[in-house]
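Working notes, beginning with the structure itself.
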2 protein chains.
Amino acid sequence: MENQKERISSPFCPYVSVDCVLLGINEDKLSVLLVERKLLENNAVGYKLPGSLIYETEELDDAALRVMKEAVGYTQMSLRQFHTFGSVARTANKEDILWLEKESHTKVTRIVTVVYLALSKKGKTVNNLDKNETMRWFPVEDLPDLPFDHKSIVEESVNEIRNWVEREPAIIYEYLPSKFTAFQLRRTYEIIYNKKFDVRNFQKKMNLLGYIVPTDEMEVGVPHRAARYYRFNKVKYNKLRSSLNK
Amino acid sequence: MENQKERISSPFCPYVSVDCVLLGINEDKLSVLLVERKLLENNAVGYKLPGSLIYETEELDDAALRVMKEAVGYTQMSLRQFHTFGSVARTANKEDILWLEKESHTKVTRIVTVVYLALSKKGKTVNNLDKNETMRWFPVEDLPDLPFDHKSIVEESVNEIRNWVEREPAIIYEYLPSKFTAFQLRRTYEIIYNKKFDVRNFQKKMNLLGYIVPTDEMEVGVPHRAARYYRFNKVKYNKLRSSLNK
DNA sequence: TCAAAAGTGTTTAGTTTACACCCATGC
DNA sequence: GCATGGGTGTAAACTAAACACTTTTGA
(Lines give C-alpha, C1' and ligand atoms only; values in the text may rest on other atoms or scores of the structure.)
Protein backbone atom coordinates (compact mmCIF):
# COMPACT_ATOMS: atom_id res chain seq x y z
CA MET A 1 0.00 0.00 0.00
CA GLU A 2 2.82 2.41 0.85
CA ASN A 3 4.48 1.38 -2.32
CA GLN A 4 1.34 2.10 -4.22
CA LYS A 5 0.98 5.59 -2.83
CA GLU A 6 4.56 6.37 -3.64
CA ARG A 7 4.17 5.30 -7.19
CA ILE A 8 0.92 7.16 -7.51
CA SER A 9 2.63 10.35 -6.40
CA SER A 10 4.16 10.51 -9.84
CA PRO A 11 1.30 9.21 -11.86
CA PHE A 12 1.71 7.94 -15.34
CA CYS A 13 -0.31 9.28 -18.25
CA PRO A 14 -0.47 7.10 -21.31
CA TYR A 15 -1.86 8.32 -24.58
CA VAL A 16 -5.49 7.47 -25.13
CA SER A 17 -6.86 6.74 -28.55
CA VAL A 18 -10.05 5.43 -30.04
CA ASP A 19 -10.07 2.83 -32.80
CA CYS A 20 -13.17 1.93 -34.76
CA VAL A 21 -14.07 -1.48 -36.06
CA LEU A 22 -16.61 -0.86 -38.78
CA LEU A 23 -18.10 -4.12 -39.96
CA GLY A 24 -20.02 -4.51 -43.18
CA ILE A 25 -20.89 -7.09 -45.76
CA ASN A 26 -19.05 -7.15 -49.06
CA GLU A 27 -19.46 -9.86 -51.64
CA ASP A 28 -21.42 -11.87 -49.09
CA LYS A 29 -18.60 -11.81 -46.58
CA LEU A 30 -18.41 -10.13 -43.23
CA SER A 31 -15.76 -7.47 -43.73
CA VAL A 32 -13.97 -4.76 -41.83
CA LEU A 33 -12.97 -1.33 -43.04
CA LEU A 34 -9.24 -0.65 -42.85
CA VAL A 35 -7.30 2.44 -43.85
CA GLU A 36 -3.94 2.42 -45.50
CA ARG A 37 -1.07 3.46 -43.31
CA LYS A 38 1.63 5.43 -45.05
CA LEU A 39 5.19 6.10 -43.99
CA LEU A 40 8.30 7.62 -45.56
CA GLU A 41 6.85 9.96 -48.16
CA ASN A 42 3.68 8.07 -48.89
CA ASN A 43 5.05 4.59 -49.20
CA ALA A 44 2.20 2.43 -48.02
CA VAL A 45 3.15 0.06 -45.24
CA GLY A 46 -0.11 -1.76 -44.86
CA TYR A 47 -3.47 -1.22 -43.30
CA LYS A 48 -4.79 -0.35 -39.86
CA LEU A 49 -8.08 0.31 -38.11
CA PRO A 50 -9.31 3.88 -38.45
CA GLY A 51 -8.50 5.66 -35.21
CA SER A 52 -7.20 8.77 -33.54
CA LEU A 53 -5.79 10.06 -30.31
CA ILE A 54 -8.42 11.89 -28.29
CA TYR A 55 -8.50 15.65 -27.73
CA GLU A 56 -8.39 17.24 -24.35
CA THR A 57 -12.04 18.18 -24.11
CA GLU A 58 -13.47 15.52 -26.34
CA GLU A 59 -15.71 12.73 -25.09
CA LEU A 60 -14.61 9.22 -26.01
CA ASP A 61 -17.85 8.61 -27.88
CA ASP A 62 -17.41 11.85 -29.79
CA ALA A 63 -13.87 10.95 -30.76
CA ALA A 64 -15.17 7.69 -32.21
CA LEU A 65 -17.88 9.55 -34.12
CA ARG A 66 -15.28 11.95 -35.45
CA VAL A 67 -13.13 9.09 -36.67
CA MET A 68 -16.10 7.56 -38.45
CA LYS A 69 -17.18 10.88 -39.91
CA GLU A 70 -13.70 11.42 -41.29
CA ALA A 71 -13.51 7.90 -42.65
CA VAL A 72 -16.90 7.14 -44.14
CA GLY A 73 -18.64 10.49 -44.07
CA TYR A 74 -21.62 9.62 -41.89
CA THR A 75 -22.30 8.65 -38.33
CA GLN A 76 -25.81 7.20 -38.37
CA MET A 77 -24.80 3.83 -37.04
CA SER A 78 -24.84 1.97 -33.72
CA LEU A 79 -21.32 2.97 -32.82
CA ARG A 80 -20.71 1.67 -29.33
CA GLN A 81 -17.81 1.12 -27.07
CA PHE A 82 -16.63 -2.43 -27.09
CA HIS A 83 -13.42 -2.89 -25.12
CA THR A 84 -10.29 -1.06 -24.05
CA PHE A 85 -6.95 -2.45 -25.05
CA GLY A 86 -4.03 -1.14 -23.06
CA SER A 87 -1.40 -3.84 -23.11
CA VAL A 88 2.14 -2.60 -22.68
CA ALA A 89 3.10 -5.06 -25.42
CA ARG A 90 0.84 -3.30 -27.91
CA THR A 91 3.73 -1.00 -28.77
CA ALA A 92 6.29 -3.80 -28.97
CA ASN A 93 6.73 -3.44 -32.71
CA LYS A 94 9.37 -0.79 -33.55
CA GLU A 95 7.85 -0.07 -36.93
CA ASP A 96 4.49 0.76 -35.39
CA ILE A 97 6.15 3.20 -33.01
CA LEU A 98 8.09 4.85 -35.80
CA TRP A 99 4.93 5.37 -37.77
CA LEU A 100 3.10 6.70 -34.77
CA GLU A 101 5.81 9.14 -33.79
CA LYS A 102 5.97 10.44 -37.33
CA GLU A 103 2.20 10.91 -37.31
CA SER A 104 2.01 12.58 -33.94
CA HIS A 105 5.42 14.32 -33.81
CA THR A 106 5.80 13.12 -30.26
CA LYS A 107 7.69 10.51 -28.34
CA VAL A 108 5.20 7.72 -27.73
CA THR A 109 5.55 4.89 -25.26
CA ARG A 110 2.25 3.41 -24.33
CA ILE A 111 -1.17 3.85 -25.83
CA VAL A 112 -4.42 2.79 -24.27
CA THR A 113 -7.02 2.46 -26.98
CA VAL A 114 -10.75 2.40 -26.53
CA VAL A 115 -12.26 0.34 -29.32
CA TYR A 116 -15.64 1.16 -30.80
CA LEU A 117 -17.67 -1.19 -32.88
CA ALA A 118 -20.41 -0.63 -35.46
CA LEU A 119 -22.19 -2.08 -38.43
CA SER A 120 -21.81 0.10 -41.51
CA LYS A 121 -24.81 1.35 -43.45
CA LYS A 122 -25.34 -1.03 -46.33
CA GLY A 123 -24.10 0.35 -49.61
CA LYS A 124 -23.35 3.83 -48.30
CA THR A 125 -20.51 5.35 -50.19
CA VAL A 126 -17.26 5.51 -48.33
CA ASN A 127 -15.57 8.52 -49.77
CA ASN A 128 -14.74 11.06 -47.17
CA LEU A 129 -11.06 10.31 -46.94
CA ASP A 130 -8.10 12.58 -47.02
CA LYS A 131 -6.69 12.61 -50.55
CA ASN A 132 -3.59 10.86 -49.34
CA GLU A 133 -5.40 8.02 -47.73
CA THR A 134 -7.20 5.05 -49.09
CA MET A 135 -9.32 2.46 -47.44
CA ARG A 136 -10.57 -0.97 -48.25
CA TRP A 137 -12.95 -3.60 -46.99
CA PHE A 138 -11.25 -6.83 -45.97
CA PRO A 139 -13.13 -10.05 -45.24
CA VAL A 140 -12.65 -10.77 -41.55
CA GLU A 141 -11.57 -14.30 -42.46
CA ASP A 142 -8.78 -12.95 -44.64
CA LEU A 143 -7.09 -10.03 -42.96
CA PRO A 144 -3.72 -8.56 -43.97
CA ASP A 145 -0.99 -8.07 -41.40
CA LEU A 146 -2.05 -5.33 -39.06
CA PRO A 147 -0.08 -3.12 -36.68
CA PHE A 148 -0.34 -3.15 -32.90
CA ASP A 149 -2.92 -5.68 -31.82
CA HIS A 150 -5.44 -4.67 -34.45
CA LYS A 151 -5.81 -8.20 -35.73
CA SER A 152 -7.01 -9.64 -32.45
CA ILE A 153 -9.18 -6.58 -31.93
CA VAL A 154 -10.99 -7.36 -35.17
CA GLU A 155 -11.37 -11.01 -34.24
CA GLU A 156 -12.87 -10.20 -30.87
CA SER A 157 -15.13 -7.65 -32.47
CA VAL A 158 -16.68 -10.23 -34.74
CA ASN A 159 -17.70 -12.32 -31.75
CA GLU A 160 -19.00 -9.27 -30.02
CA ILE A 161 -21.19 -8.12 -32.87
CA ARG A 162 -23.13 -11.39 -32.59
CA ASN A 163 -23.79 -10.74 -28.94
CA TRP A 164 -24.95 -7.26 -29.79
CA VAL A 165 -27.37 -8.42 -32.43
CA GLU A 166 -28.83 -10.91 -29.99
CA ARG A 167 -29.30 -8.35 -27.26
CA GLU A 168 -30.39 -5.52 -29.51
CA PRO A 169 -31.61 -6.72 -32.90
CA ALA A 170 -32.33 -3.13 -33.89
CA ILE A 171 -28.75 -2.65 -35.02
CA ILE A 172 -29.41 -4.96 -37.96
CA TYR A 173 -31.87 -2.40 -39.28
CA GLU A 174 -29.35 0.35 -39.14
CA TYR A 175 -27.28 -1.74 -41.45
CA LEU A 176 -30.10 -2.51 -43.86
CA PRO A 177 -31.75 0.14 -46.07
CA SER A 178 -35.09 1.38 -44.76
CA LYS A 179 -36.89 -0.96 -47.17
CA PHE A 180 -35.56 -4.46 -47.41
CA THR A 181 -36.67 -7.89 -48.55
CA ALA A 182 -36.96 -10.95 -46.37
CA PHE A 183 -34.06 -12.39 -48.31
CA GLN A 184 -31.80 -9.44 -47.48
CA LEU A 185 -32.64 -9.73 -43.81
CA ARG A 186 -32.03 -13.46 -43.76
CA ARG A 187 -28.79 -13.15 -45.71
CA THR A 188 -27.59 -10.51 -43.27
CA TYR A 189 -28.24 -12.80 -40.33
CA GLU A 190 -26.60 -15.70 -42.11
CA ILE A 191 -23.43 -13.77 -42.78
CA ILE A 192 -23.20 -12.30 -39.30
CA TYR A 193 -23.79 -15.67 -37.63
CA ASN A 194 -21.97 -17.59 -40.33
CA LYS A 195 -24.69 -20.20 -40.65
CA LYS A 196 -27.75 -20.97 -42.76
CA PHE A 197 -31.32 -20.34 -41.66
CA ASP A 198 -34.33 -22.25 -42.91
CA VAL A 199 -36.32 -20.01 -45.28
CA ARG A 200 -39.75 -20.93 -44.00
CA ASN A 201 -38.90 -20.79 -40.35
CA PHE A 202 -37.15 -17.48 -40.83
CA GLN A 203 -40.14 -15.95 -42.58
CA LYS A 204 -42.47 -17.25 -39.90
CA LYS A 205 -40.36 -15.82 -37.10
CA MET A 206 -39.99 -12.53 -38.92
CA ASN A 207 -43.77 -12.21 -39.08
CA LEU A 208 -44.15 -13.09 -35.43
CA LEU A 209 -41.71 -10.42 -34.30
CA GLY A 210 -44.28 -7.71 -34.83
CA TYR A 211 -41.90 -4.89 -35.62
CA ILE A 212 -41.08 -5.88 -39.18
CA VAL A 213 -43.98 -4.61 -41.23
CA PRO A 214 -44.70 -5.48 -44.85
CA THR A 215 -45.15 -2.64 -47.33
CA ASP A 216 -47.13 -2.65 -50.57
CA GLU A 217 -43.97 -2.23 -52.56
CA MET A 218 -42.34 -5.04 -54.48
CA GLU A 219 -39.01 -5.41 -56.18
CA VAL A 220 -39.02 -4.39 -59.85
CA GLY A 221 -36.88 -5.61 -62.72
CA VAL A 222 -35.70 -8.80 -61.10
CA PRO A 223 -35.52 -11.95 -63.25
CA HIS A 224 -37.78 -13.89 -60.92
CA ARG A 225 -40.84 -13.38 -58.79
CA ALA A 226 -40.64 -9.99 -57.14
CA ALA A 227 -40.01 -9.91 -53.41
CA ARG A 228 -41.98 -7.78 -51.01
CA TYR A 229 -40.29 -4.93 -49.21
CA TYR A 230 -40.50 -4.71 -45.43
CA ARG A 231 -39.79 -1.92 -43.01
CA PHE A 232 -38.46 -1.90 -39.48
CA ASN A 233 -40.93 -0.18 -37.15
CA LYS A 234 -38.91 1.31 -34.34
CA VAL A 235 -41.90 2.38 -32.26
CA LYS A 236 -43.31 -1.15 -32.21
CA TYR A 237 -39.86 -2.52 -31.54
CA ASN A 238 -39.37 -0.36 -28.47
CA LYS A 239 -42.82 -1.15 -27.13
CA LEU A 240 -42.30 -4.87 -27.51
CA ARG A 241 -38.88 -4.72 -25.89
CA SER A 242 -39.77 -2.58 -22.94
CA SER A 243 -42.52 -4.90 -21.78
CA LEU A 244 -40.16 -7.82 -21.39
CA ASN A 245 -39.10 -6.76 -17.89
CA LYS A 246 -41.86 -8.73 -16.21
CA MET B 1 -8.49 16.53 -41.39
CA GLU B 2 -5.80 19.19 -41.34
CA ASN B 3 -7.29 20.42 -38.16
CA GLN B 4 -7.11 16.94 -36.74
CA LYS B 5 -3.44 16.49 -37.58
CA GLU B 6 -2.65 19.84 -36.06
CA ARG B 7 -4.32 18.98 -32.82
CA ILE B 8 -2.73 15.57 -32.76
CA SER B 9 0.67 17.20 -33.06
CA SER B 10 0.29 18.18 -29.45
CA PRO B 11 -1.43 15.12 -28.15
CA PHE B 12 -3.29 15.06 -24.94
CA CYS B 13 -2.60 12.48 -22.25
CA PRO B 14 -5.30 12.01 -19.65
CA TYR B 15 -4.76 10.00 -16.52
CA VAL B 16 -5.90 6.42 -16.75
CA SER B 17 -7.30 4.57 -13.77
CA VAL B 18 -9.04 1.32 -13.09
CA ASP B 19 -12.08 1.08 -10.83
CA CYS B 20 -13.48 -2.22 -9.62
CA VAL B 21 -17.12 -3.00 -9.04
CA LEU B 22 -17.15 -6.00 -6.75
CA LEU B 23 -20.65 -7.36 -6.37
CA GLY B 24 -21.68 -9.72 -3.64
CA ILE B 25 -24.71 -10.76 -1.67
CA ASN B 26 -25.20 -9.47 1.85
CA GLU B 27 -28.33 -10.03 3.87
CA ASP B 28 -30.00 -11.38 0.75
CA LYS B 29 -29.35 -8.21 -1.19
CA LEU B 30 -27.12 -7.64 -4.17
CA SER B 31 -24.42 -5.35 -2.81
CA VAL B 32 -21.33 -3.53 -3.93
CA LEU B 33 -18.11 -3.06 -2.04
CA LEU B 34 -17.17 0.58 -1.46
CA VAL B 35 -14.18 2.07 0.32
CA GLU B 36 -14.26 5.11 2.50
CA ARG B 37 -12.69 8.19 1.03
CA LYS B 38 -10.88 10.41 3.48
CA LEU B 39 -9.90 14.01 3.14
CA LEU B 40 -8.52 16.74 5.43
CA GLU B 41 -6.73 14.74 8.10
CA ASN B 42 -8.85 11.63 7.98
CA ASN B 43 -12.24 13.21 7.94
CA ALA B 44 -14.30 10.77 5.99
CA VAL B 45 -16.13 12.34 3.10
CA GLY B 46 -18.03 9.36 1.86
CA TYR B 47 -17.43 6.24 -0.13
CA LYS B 48 -16.07 5.41 -3.57
CA LEU B 49 -15.34 2.40 -5.73
CA PRO B 50 -11.97 0.81 -5.04
CA GLY B 51 -9.61 1.97 -7.78
CA SER B 52 -6.17 3.24 -8.67
CA LEU B 53 -4.26 5.05 -11.36
CA ILE B 54 -2.26 2.64 -13.49
CA TYR B 55 1.50 2.32 -13.44
CA GLU B 56 3.67 2.86 -16.45
CA THR B 57 4.41 -0.78 -17.17
CA GLU B 58 1.32 -2.32 -15.68
CA GLU B 59 -1.34 -4.09 -17.73
CA LEU B 60 -4.88 -2.85 -17.20
CA ASP B 61 -6.00 -6.29 -16.07
CA ASP B 62 -3.11 -6.45 -13.61
CA ALA B 63 -3.96 -3.07 -12.19
CA ALA B 64 -7.50 -4.30 -11.54
CA LEU B 65 -6.18 -7.43 -9.86
CA ARG B 66 -3.88 -5.31 -7.72
CA VAL B 67 -6.76 -3.13 -6.61
CA MET B 68 -8.75 -6.22 -5.64
CA LYS B 69 -5.80 -7.79 -3.90
CA GLU B 70 -5.30 -4.65 -1.87
CA ALA B 71 -8.98 -4.37 -1.07
CA VAL B 72 -10.20 -7.88 -0.34
CA GLY B 73 -6.99 -9.87 -0.22
CA TYR B 74 -7.66 -12.39 -2.96
CA THR B 75 -8.05 -12.40 -6.70
CA GLN B 76 -9.74 -15.71 -7.48
CA MET B 77 -12.76 -14.22 -9.15
CA SER B 78 -13.99 -13.54 -12.66
CA LEU B 79 -12.64 -10.02 -12.78
CA ARG B 80 -13.27 -8.74 -16.25
CA GLN B 81 -13.22 -5.47 -18.01
CA PHE B 82 -16.65 -3.99 -18.36
CA HIS B 83 -16.58 -0.48 -19.79
CA THR B 84 -14.40 2.61 -19.99
CA PHE B 85 -15.74 5.87 -18.67
CA GLY B 86 -13.91 8.93 -19.88
CA SER B 87 -16.38 11.77 -19.83
CA VAL B 88 -14.90 15.21 -19.43
CA ALA B 89 -17.73 15.91 -17.00
CA ARG B 90 -16.58 13.14 -14.68
CA THR B 91 -14.32 15.65 -12.98
CA ALA B 92 -16.93 18.37 -12.78
CA ASN B 93 -17.21 18.20 -9.01
CA LYS B 94 -14.63 20.42 -7.32
CA GLU B 95 -14.58 18.31 -4.18
CA ASP B 96 -13.67 15.19 -6.13
CA ILE B 97 -10.77 16.99 -7.77
CA LEU B 98 -9.52 18.29 -4.44
CA TRP B 99 -9.52 14.82 -2.99
CA LEU B 100 -7.80 13.38 -6.02
CA GLU B 101 -5.09 16.01 -6.10
CA LYS B 102 -4.41 15.49 -2.45
CA GLU B 103 -4.17 11.74 -3.01
CA SER B 104 -1.95 11.94 -6.07
CA HIS B 105 -0.03 15.18 -5.33
CA THR B 106 -0.55 16.22 -8.92
CA LYS B 107 -2.68 18.60 -10.89
CA VAL B 108 -5.45 16.50 -12.32
CA THR B 109 -7.80 17.49 -15.11
CA ARG B 110 -9.29 14.51 -16.82
CA ILE B 111 -9.34 10.86 -15.88
CA VAL B 112 -10.29 8.02 -18.14
CA THR B 113 -11.25 5.06 -16.02
CA VAL B 114 -11.46 1.46 -17.12
CA VAL B 115 -14.05 -0.30 -15.00
CA TYR B 116 -13.71 -3.94 -14.02
CA LEU B 117 -16.52 -6.07 -12.71
CA ALA B 118 -16.58 -9.23 -10.61
CA LEU B 119 -18.65 -11.33 -8.25
CA SER B 120 -16.99 -11.65 -4.87
CA LYS B 121 -16.29 -15.01 -3.31
CA LYS B 122 -19.15 -15.79 -0.95
CA GLY B 123 -18.27 -15.18 2.65
CA LYS B 124 -14.57 -14.58 2.09
CA THR B 125 -13.23 -12.17 4.63
CA VAL B 126 -12.54 -8.70 3.41
CA ASN B 127 -9.73 -7.51 5.58
CA ASN B 128 -6.71 -6.55 3.61
CA LEU B 129 -7.15 -2.83 3.88
CA ASP B 130 -4.76 -0.11 4.83
CA LYS B 131 -5.28 0.67 8.53
CA ASN B 132 -6.61 4.09 7.61
CA GLU B 133 -9.22 2.80 5.29
CA THR B 134 -12.48 1.06 5.84
CA MET B 135 -14.87 -0.53 3.47
CA ARG B 136 -18.46 -1.60 3.50
CA TRP B 137 -20.98 -3.47 1.46
CA PHE B 138 -23.88 -1.34 0.23
CA PRO B 139 -27.05 -2.78 -1.30
CA VAL B 140 -27.11 -1.63 -4.90
CA GLU B 141 -30.66 -0.40 -4.37
CA ASP B 142 -29.53 1.87 -1.57
CA LEU B 143 -26.26 3.54 -2.46
CA PRO B 144 -24.80 6.54 -0.65
CA ASP B 145 -23.71 9.60 -2.60
CA LEU B 146 -20.68 8.68 -4.65
CA PRO B 147 -17.97 10.81 -6.28
CA PHE B 148 -17.39 11.20 -10.00
CA ASP B 149 -19.83 9.04 -11.93
CA HIS B 150 -19.45 6.05 -9.61
CA LYS B 151 -23.17 5.79 -8.99
CA SER B 152 -24.08 5.27 -12.61
CA ILE B 153 -21.13 2.94 -13.00
CA VAL B 154 -22.57 0.71 -10.29
CA GLU B 155 -26.02 0.82 -11.84
CA GLU B 156 -24.73 -0.18 -15.25
CA SER B 157 -22.65 -2.91 -13.68
CA VAL B 158 -25.68 -4.56 -12.13
CA ASN B 159 -27.29 -4.91 -15.55
CA GLU B 160 -24.07 -6.19 -16.99
CA ILE B 161 -23.58 -8.90 -14.39
CA ARG B 162 -26.87 -10.47 -15.52
CA ASN B 163 -25.66 -10.59 -19.09
CA TRP B 164 -22.45 -12.20 -17.91
CA VAL B 165 -24.23 -14.88 -15.94
CA GLU B 166 -26.35 -15.68 -18.96
CA ARG B 167 -23.41 -15.97 -21.29
CA GLU B 168 -21.10 -17.68 -18.84
CA PRO B 169 -22.95 -19.29 -15.91
CA ALA B 170 -19.62 -20.51 -14.53
CA ILE B 171 -19.10 -17.20 -12.76
CA ILE B 172 -21.90 -18.11 -10.36
CA TYR B 173 -19.77 -20.99 -9.11
CA GLU B 174 -16.85 -18.74 -8.40
CA TYR B 175 -19.16 -16.88 -6.11
CA LEU B 176 -20.52 -19.95 -4.37
CA PRO B 177 -18.42 -22.16 -2.10
CA SER B 178 -17.22 -25.37 -3.73
CA LYS B 179 -20.02 -27.30 -2.05
CA PHE B 180 -23.43 -25.68 -2.11
CA THR B 181 -27.05 -26.63 -1.71
CA ALA B 182 -29.74 -26.30 -4.35
CA PHE B 183 -31.25 -23.61 -2.20
CA GLN B 184 -28.08 -21.55 -2.18
CA LEU B 185 -27.82 -21.76 -5.94
CA ARG B 186 -31.43 -20.80 -6.44
CA ARG B 187 -31.22 -17.94 -3.97
CA THR B 188 -28.14 -16.63 -5.75
CA TYR B 189 -29.95 -16.62 -9.07
CA GLU B 190 -32.98 -15.00 -7.48
CA ILE B 191 -30.97 -12.17 -6.02
CA ILE B 192 -28.94 -11.52 -9.14
CA TYR B 193 -32.01 -11.54 -11.38
CA ASN B 194 -34.21 -9.98 -8.72
CA LYS B 195 -37.03 -12.46 -9.27
CA LYS B 196 -38.34 -15.70 -7.85
CA PHE B 197 -37.81 -19.10 -9.44
CA ASP B 198 -40.12 -22.08 -9.01
CA VAL B 199 -38.44 -24.60 -6.70
CA ARG B 200 -39.37 -27.70 -8.67
CA ASN B 201 -38.57 -26.30 -12.07
CA PHE B 202 -35.28 -24.98 -10.79
CA GLN B 203 -34.28 -28.34 -9.34
CA LYS B 204 -35.26 -30.09 -12.55
CA LYS B 205 -33.22 -27.70 -14.70
CA MET B 206 -30.28 -27.95 -12.36
CA ASN B 207 -30.24 -31.72 -12.80
CA LEU B 208 -30.54 -31.45 -16.56
CA LEU B 209 -27.57 -29.10 -16.83
CA GLY B 210 -25.17 -31.99 -16.35
CA TYR B 211 -22.36 -30.03 -14.76
CA ILE B 212 -23.87 -29.69 -11.30
CA VAL B 213 -23.16 -32.98 -9.60
CA PRO B 214 -24.68 -34.20 -6.31
CA THR B 215 -22.32 -35.29 -3.54
CA ASP B 216 -23.03 -37.75 -0.71
CA GLU B 217 -22.70 -35.00 1.84
CA MET B 218 -25.65 -33.43 3.57
CA GLU B 219 -26.07 -30.38 5.74
CA VAL B 220 -25.68 -31.05 9.45
CA GLY B 221 -27.17 -29.31 12.44
CA VAL B 222 -29.99 -27.58 10.61
CA PRO B 223 -33.41 -27.47 12.30
CA HIS B 224 -35.11 -29.10 9.36
CA ARG B 225 -34.50 -31.80 6.82
CA ALA B 226 -30.86 -31.65 5.71
CA ALA B 227 -30.12 -30.46 2.17
CA ARG B 228 -27.76 -32.26 -0.17
CA TYR B 229 -24.53 -30.59 -1.23
CA TYR B 230 -23.70 -30.24 -4.91
CA ARG B 231 -20.49 -29.41 -6.73
CA PHE B 232 -19.80 -27.55 -9.94
CA ASN B 233 -17.90 -29.78 -12.35
CA LYS B 234 -15.83 -27.50 -14.54
CA VAL B 235 -14.63 -30.21 -16.91
CA LYS B 236 -18.19 -31.23 -17.74
CA TYR B 237 -19.18 -27.60 -18.01
CA ASN B 238 -16.50 -26.85 -20.58
CA LYS B 239 -17.30 -29.96 -22.60
CA LEU B 240 -20.98 -29.15 -22.69
CA ARG B 241 -20.34 -25.56 -23.67
CA SER B 242 -17.80 -26.15 -26.37
CA SER B 243 -20.11 -28.43 -28.30
CA LEU B 244 -22.76 -25.76 -28.70
CA ASN B 245 -21.05 -24.22 -31.76
CA LYS B 246 -22.91 -26.49 -34.12
C1' DT C 1 -45.89 -32.53 17.71
C1' DC C 2 -44.74 -28.56 15.51
C1' DA C 3 -42.12 -25.45 12.65
C1' DA C 4 -39.15 -25.04 8.79
C1' DA C 5 -37.19 -26.07 4.75
C1' DA C 6 -36.10 -30.23 1.38
C1' DG C 7 -37.42 -32.75 -2.22
C1' DT C 8 -40.23 -34.59 -5.86
C1' DG C 9 -43.87 -35.29 -11.18
C1' DT C 10 -47.27 -34.27 -14.25
C1' DT C 11 -49.90 -31.59 -17.33
C1' DT C 12 -50.26 -27.79 -20.47
C1' DA C 13 -48.64 -24.25 -23.33
C1' DG C 14 -45.35 -22.43 -26.15
C1' DT C 15 -41.31 -22.59 -29.03
C1' DT C 16 -38.16 -24.60 -32.27
C1' DT C 17 -37.00 -27.63 -35.88
C1' DA C 18 -37.39 -30.28 -40.01
C1' DC C 19 -39.08 -30.65 -44.34
C1' DA C 20 -41.13 -29.91 -50.19
C1' DC C 21 -43.73 -27.80 -53.45
C1' DC C 22 -45.97 -24.21 -56.36
C1' DC C 23 -45.60 -19.13 -57.83
C1' DA C 24 -44.15 -15.04 -60.41
C1' DT C 25 -40.93 -12.91 -63.40
C1' DG C 26 -37.29 -11.88 -67.06
C1' DC C 27 -34.89 -13.68 -70.56
C1' DG D 1 -40.33 -22.75 -71.39
C1' DC D 2 -36.82 -22.51 -68.21
C1' DA D 3 -33.95 -20.71 -64.73
C1' DT D 4 -34.13 -18.03 -60.61
C1' DG D 5 -35.42 -16.94 -56.31
C1' DG D 6 -40.18 -15.88 -53.55
C1' DG D 7 -43.36 -17.54 -50.75
C1' DT D 8 -46.14 -20.78 -47.97
C1' DG D 9 -47.96 -24.93 -43.67
C1' DT D 10 -47.82 -28.86 -40.77
C1' DA D 11 -46.26 -32.35 -37.70
C1' DA D 12 -42.88 -33.76 -34.21
C1' DA D 13 -39.64 -32.72 -30.68
C1' DC D 14 -38.30 -30.04 -27.24
C1' DT D 15 -38.51 -26.51 -23.62
C1' DA D 16 -40.79 -23.73 -20.18
C1' DA D 17 -44.38 -22.89 -16.85
C1' DA D 18 -47.78 -23.85 -13.53
C1' DC D 19 -48.94 -26.18 -9.64
C1' DA D 20 -49.23 -29.18 -3.98
C1' DC D 21 -48.00 -32.50 -1.12
C1' DT D 22 -44.87 -35.65 1.66
C1' DT D 23 -40.28 -36.03 4.06
C1' DT D 24 -36.77 -35.05 7.36
C1' DT D 25 -34.90 -32.87 11.20
C1' DG D 26 -34.23 -30.07 15.63
C1' DA D 27 -36.29 -27.94 19.21
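Order of the sequence lines sets the chain letters (A, B, ...), proteins ahead of strands, with each chain counted from 1.
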- Sub-4.5 Å side-chain heavy-atom contact between Val115(A) and Thr84(A): no

- Decide if atom CG of Asp145(B) counts as having more than 12 heavy atoms of other residues, nucleotides or ligands within a radius under 6.0 Å. no

- Query: Mapping Val199(B) and Glu219(A) to their closest nucleotides on DNA chain D, which lands nearer the 5' end?
  - Reply: Glu219(A)

- Task: Find the distance Arg187(A):CZ to dT4(D):C1' and express it as a whole number of Å.
- Result: 15 Å

- Query: Between atom CD in Gln203(B) and atom C1' in dA18(D), what is the gap in whole Å?
  - Reply: 17 Å

- Message: Could you tell me if the side chain of Arg80(B) sits less than 4.5 Å from the side chain of Trp164(B), heavy atoms only?
- Response: yes

- Query: What is the distance, rounded to the nearest whole Å, between atom CZ of Phe197(A) and atom P of dT16(C)?
  - Reply: 12 Å

- Message: I want to confirm an ordering. Mapping Met218(A) and His224(A) to their closest nucleotides on DNA chain D, which one lands closer to the 5' end?
- Response: His224(A)

- Item | Nearest-nucleotide pick for Pro223(B), side chain only, options being dC19(C), dT8(C), dG26(D) | dG26(D)

- Query: Can you find a donor-acceptor pair, distance only, under 3.5 Å between Lys205(A) side chain and dT15(C) base?
  - Reply: no

- Task: Would you indicate which nucleotide in dT8(C), dT23(D), dG26(C) comes nearest to any side-chain atom of Arg200(B)?
- Result: dT8(C)

- Message: I need the CZ-C1' distance between Arg225(B) and dG7(C), as an integer number of Å.
- Response: 5 Å

- Message: Let me spell it out: for each of Arg186(B) and Asn201(B), pick the nucleotide of DNA chain C with the closest heavy atom. Which residue's pick is nearer the 5' end?
- Response: Arg186(B)

- Message: Expressed as a whole number of angstroms, how long is the span from Gln184(A):CD to dG5(D):C1'?
- Response: 13 Å

- Query: Within this structure, what is the CG-to-C1' distance between Asp198(B) and dT10(C), rounded to whole angstrom?
  - Reply: 13 Å

- Query: What integer distance in Å separates Arg228(A):CZ from dA24(C):P?
  - Reply: 12 Å

- Determine the minimum heavy-atom distance between Leu49(A) and Val154(A), stating which atoms define it. CD2-CG2, 3.9 Å

- Message: Could you tell me how far apart Glu217(A) (CD) and dG6(D) (C1') are, to the nearest whole angstrom?
- Response: 17 Å

- Message: Would you say that Leu185(B) contacts Tyr173(B) through its side chain, given a criterion of any heavy-atom pair below 4.5 Å between the two side chains?
- Response: yes

- Item | Heavy-atom donor-acceptor pair, Lys204(B) side-chain to dT15(D) base, under 3.5 Å | no

